Structure formats: C-alpha cells, structure tokens
Amino acid sequence: MNNIDKEVLNAANTEVVYNIFMYLLTAENAKNGDRLSDIAVDLQNMDVSSLKGSEKLQFEKRADIIKNACANDPTLASSVIGNIAIDYNGKKGGMKACTFTDEAGTVHVIFAGTGAGEWIDNGEGLSGVPEYNLYEKYDDMGNLLYTAPIRKDYATDQQVEALNWFNRTCGKNGWGKNTRMIVSGHSKGGNKAQFVTINDRRVFMCISFDGQGFSPEAAALFKERYGGAFEERRKKIHSFSADNDFVNVLGKRLAPDNQVYFLSSSDINGNPFAYHNIETLTGADGKLNKQTKQGEISQYIQNLSDIVMEMAPAERQYVTLSIMSILQSALGGGVIPVNGDFVSAKDMVKGVIIASAPTLLSLLFTRDGKEAAADIAEIYTDNVTRFIEKTKMEQGATAAAAAAFFSQAAVTFLAPILSHRLRTDVSAFLDAAAALGEKLNGLYIPLHNKTVSFFKDIAEKLKDM
C-alpha cells in the first residue's frame with residue numbers, strides 16, 4: 001500500500017466533509033457567506049418527511065456526519081461557503097460547485113458528482129472521440145475577455161464548463177498563484193477536479209474521491225499540450241477510493257500510481273452500489289476510514305475498463321455512450337442531457353454487444369477456451385438482440401434500456417464464474433438463472449423468460465468444454 005503524506009491526509013479529511021455536503025446542497029439550504037457550522041444546524045432541522053425511506057436515511061446520515069465533523073474541527077466549522085453554482089449556465093441537471101474559505105485563507109473548490117443530466121457526458125469523456133470545445137478567458141474581475149475555440153480536443157462540455165467556472169471564479173475573487181487552492185470532487189466531481197488541476201497551474205492540491213479517469217487520447221493530449229508541466233501537475237493529484245469502488249477505475253488515471261489510495265468501506269448494508277457512495281469512505285465522525293488494498297470487485301471492473309480503453313475510439317464510443325445512456329435513463333429523473341446528446345436504441349444495443357464480446361473473450365486463454373467463449377458470445381449476441389428488440393416492441397424504449405443494462409450486468413457478474421468454470425458445475429448456472437429470474441419476475445416478464453433460456457444455452461456449451 002502507498003504511504004499517505006500527513007499533509008495530504010489532513011487535507012483529504014477536510015475535503016471529504018465538503019464533498020458529502022455537496023450532495024445536500026440546494027439553493028434553499030445554503031447561501032453565500034454562510035458558515036458550515038450554521039449550515040449543519042439547518043440541515044439537522046430540515047423537514048425531510050417527503051423523502052423516501054432510503055433517501056431519508058441517507059440524508060440524515062450525511063447531515064449527521066457534517067454535524068459531527070464540525071463539532072470536532074473548529075477550522076472546518078468556521079469555513080465560509082461562496083460562489084455557489086447550481087445547474088450552472090442555466091443547464092438543468094448540470095454542474096454544481098462551490099467554494100469554502102477557511103480562517104487561514106485556504107480556498108477549497110468543490111465539484112459535485114454527476115448531475116441528473118450529465119451521464120452521457122461521462123461516456124463522452126471516456127470515448128476518445130474529439131469534440132469541439134469553447135474555453136473562456138476572464139480578467140481579474142471575472143469579466144469574460146474572449147472565447148478561444150479548440151478543435152480536436154478530447155475534453156467534454158461539462159469538463160470545460162468546470163474549468164471555465166473555475167477561471168471566472170478565480171478572476172472574480174482575485175485568486176492567483178499566491179492563493180492556496182485545494183480542488184476536490186467526488187465521482188464526476190473528482191474527474192472535473194483532475195481536469196482543472198491539469199489545465200490550470202494555480203491549483204495547489206487536488207483530492208479526487210472515487211473520480212473516474214480519462215480516455216487514453218485525452219491523457220496523451222494533456223502530456224503533449226503541457227510537456228514537463230504535465231508531470232508536475234499530475235503530482236498534485238491524489239486519488240482516494242473505497243476498496244471496491246467501481247468508478248475510479250474507469251479510464252486512464254492521471255494521479256501517479258504512488259498517490260492512489262484505497263480505504264476500507266463503511267457498512268454498505270448488502271448493497272454493492274453503496275461502494276460508490278461518498279459516505280462509504282468515512283466513519284460517523286467524518287474522518288476517512290483506514291487504508292487497505294484494492295478490492296476484488298474494483299480490480300475486476302478495472303480489467304473490464306482496460307479492455308474497453310484498448311478499443312479504437314470509433315468502436316469504444318458505442319460502449320461508453322450506450323452504458324451511460326442507460327444510466328441517464330435510469331438515474332436522470334427524466335432530465336434532458338445537458339449536452340443535448342442522445343443515443344439511439346440501435347446504437348445502445350450495439351454498444352452493449354461490443355462491450356460484452358471482448359469481455360468474454362478475455363476470460364479464457366487457451367485455444368479451446370477462446371473458441372468456446374466465441375460460441376458463447378455468438379449465442380449471447382443473438383439472444384440479446386432478439387429479446388431487447390422484442391422488449392422494446394412490447395414494453396417501449398425504457399424497458400428495452402433496462403433489458404440492455406441487465407444483459408451487460410449479467411455478463412459482468414457471471415464472468416468470474418465463467419473464468420473458473422472448471423470448478424463450477426453446470427447446475428450453478430441454472431441456480432444463478434433461477435435466482436436472477438426470480439428478482440426480475442413481475443417487472444420484465446419477457447426479459448425473465450429470455451434470461452433463463454440464455455443461461456441454459458451457456459450451460460449447454462459449458463458441458464462440452
């Protein structure tokens with residue numbers, strides 16, 4: 001395990017509390033000039049009866065962590081919020097950010113995780129397909145001087161928007177090279193924090209919590225654009241993630257290998273998706289959990305990501321955009337993507353199939369194994385295409401998206417079993433099919449029926465290995 005510098009750890013313990021707060025920040029519960037301790041009291045007194053059971057519990061847990069952290073750290077408690085940006089530039093479901101300034105004059109710049117309309121933007125950041133972006137230059141008063149277009153740039157709209165907001169905020173507040181600025185974020189916010197750090201020399205330190213990486217093409221362009229300064233700016237980035245977080249391993253990391261840290265996860269209550277929750281990194285006091293080694297789930301997803309990143313961008317974009325489009329449909333709450341981007345159902349299915357085939361092929365290393373995997377991939381492709389099309393006809397695009405997502409998830413979670421097939425009998429696959437099918441029953445009946453036949457087909461193929 002990598003050693004964590006004491007100064008870095010102290011900074012991370014502060015930044016994680018700010019990042020927990022970002023998930024509670026609304027235009028109603030904080031205003032510029034408020035102290036964090038006062039905000040913490042208001043959060044305790046908020047009426048959250050309208051929230052659903054799990055959402056209510058999560059809100060209360062996060063509010064309690066902030067309250068406890070403020071009680072234990074006077075400097076944190078007295079820090080003052082400013083420059084609040086919610087749905088920046090009028091984009092609903094877009095960027096959310098703010099700053100906190102403490103008594104010592106350190107400025108903490110925090111970017112929130114993925115907004116309701118930012119999911120497809122995540123996929124674009126991993127695709128390696130160049131986009132047209134507009135970078136803004138501001139004067140020392142925060143006034144826009146000019147906009148400089150850059151073509152063949154691998155940044156996304158929301159990454160560039162984060163950098164433009166940062167430049168505008170620095171100009172408006174007179175923050176320059178003598179200002180101690182720590183930039184942080186969780187998930188997509190961590191990605192934005194890294195992007196700002198690489199592109200702006202004023203950043204003193206960057207703390208990325210569970211922040212995803214970049215496409216190999218973006219990383220190469222950063223190095224080409226900034227030369228020796230690229231390595232210096234990379235050294236400012238520190239990555240903190242839960243042991244089994246599955247987002248920080250997506251794409252290419254910018255943080256140096258010796259500045260990547262994994263932490264023990266707090267109780268996830270049987271929900272594997274909770275590994276990515278920001279509060280999973282801390283105890284009730286808001287202090288980061290103990291350091292540990294990377295978990296098996298995280299390692300496995302990292303291997304999948306490496307396979308996808310090796311694809312040519314023209315092919316890779318189908319994978320990254322389709323998966324993020326599914327998440328946009330599932331988690332976006334009906335919000336239109338901030339970039340105005342949509343992925344067709346046809347491209348969504350194509351992306352899922354492209355993602356799955358190399359995943360299967362990578363599991364087996366003998367000639368016979370590869371041939372068997374190819375047969376499985378062929379069956380998978382055929383079945384997935386047919387049952388997603390049928391689901392779309394019978395239940396609509398949303399149900400088809402769920403079917404596509406499940407088909408990818410099935411391969412992802414079954415792959416470890418496939419890779420250890422010699423010590424797994426065929427009945428295990430049928431048991432898995434029954435268990436998964438039971439969960440789906442009553443939600444997507446056509447999907448349930450196809451799921452069972454799909455696993456039976458795989459089982460039959462495995463018999464002949």
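Here the structure is a predicted model, which is why all the values come from computation and not from measurement.
- Residues meeting the salt bridge (charged side-chain N to carboxylate O under 4.0 Å, His left out) test with E136, sequence neighbours left out: none.
- The CG atom of L250 sits 8.0 Å away from atom CG of N248, with the distance rounded to the nearest 0.5 Å.
- Side chains of Q158 and E124: no donor on one and acceptor on the other come within 3.5 Å.
- A pairwise comparison of heavy atoms in D245 and V247 identifies OD2-N, 3.2 Å as the closest pair.
- Every salt bridge (charged side-chain N to carboxylate O under 4.0 Å, His left out) that K56 has, sequence neighbours left out, goes to E60.
- Put simply, the side chain of K91 never gets that close to the backbone of G117: no donor and acceptor are under 3.5 Å apart.
- I20 contributes atom CD1, which lies 5.5 Å from atom CD1 of I278 (distance to the nearest 0.5 angstrom).
- Looking at Y18 and S79, their side chains do bring a donor and an acceptor atom within 3.5 Å of each other.
- Salt-bridge annotation for D200 and K236: absent, with no side-chain N of the basic residue lying under 4.0 Å from a carboxylate O of the acidic one.
- With no hydrogens or angles considered, a side-chain donor-acceptor pair links S184 and N19 at under 3.5 Å.
- A donor and an acceptor atom, one from each side chain of Q159 and N191, are located under 3.5 Å apart.
- N83 places none of its side-chain heavy atoms less than 4.5 Å from the side chain of C98.
- The stretch residues 200-221 participates, sequence neighbours left out, in these ring pair (Phe, Tyr, Trp, His ring centres under 6.0 Å) pairs: F214-F222.
- Side chain to side chain, Y135 and N199 fail the donor-acceptor criterion of an N or O pair below 3.5 Å.
- In this structure, L288 CG and E15 CD are separated by 10.5 Å, a value rounded to the nearest 0.5 Å.
- In terms of modelled atom types and a separation under 3.5 Å, the side chain of Q44 and the main chain of A40 share no donor-acceptor contact.
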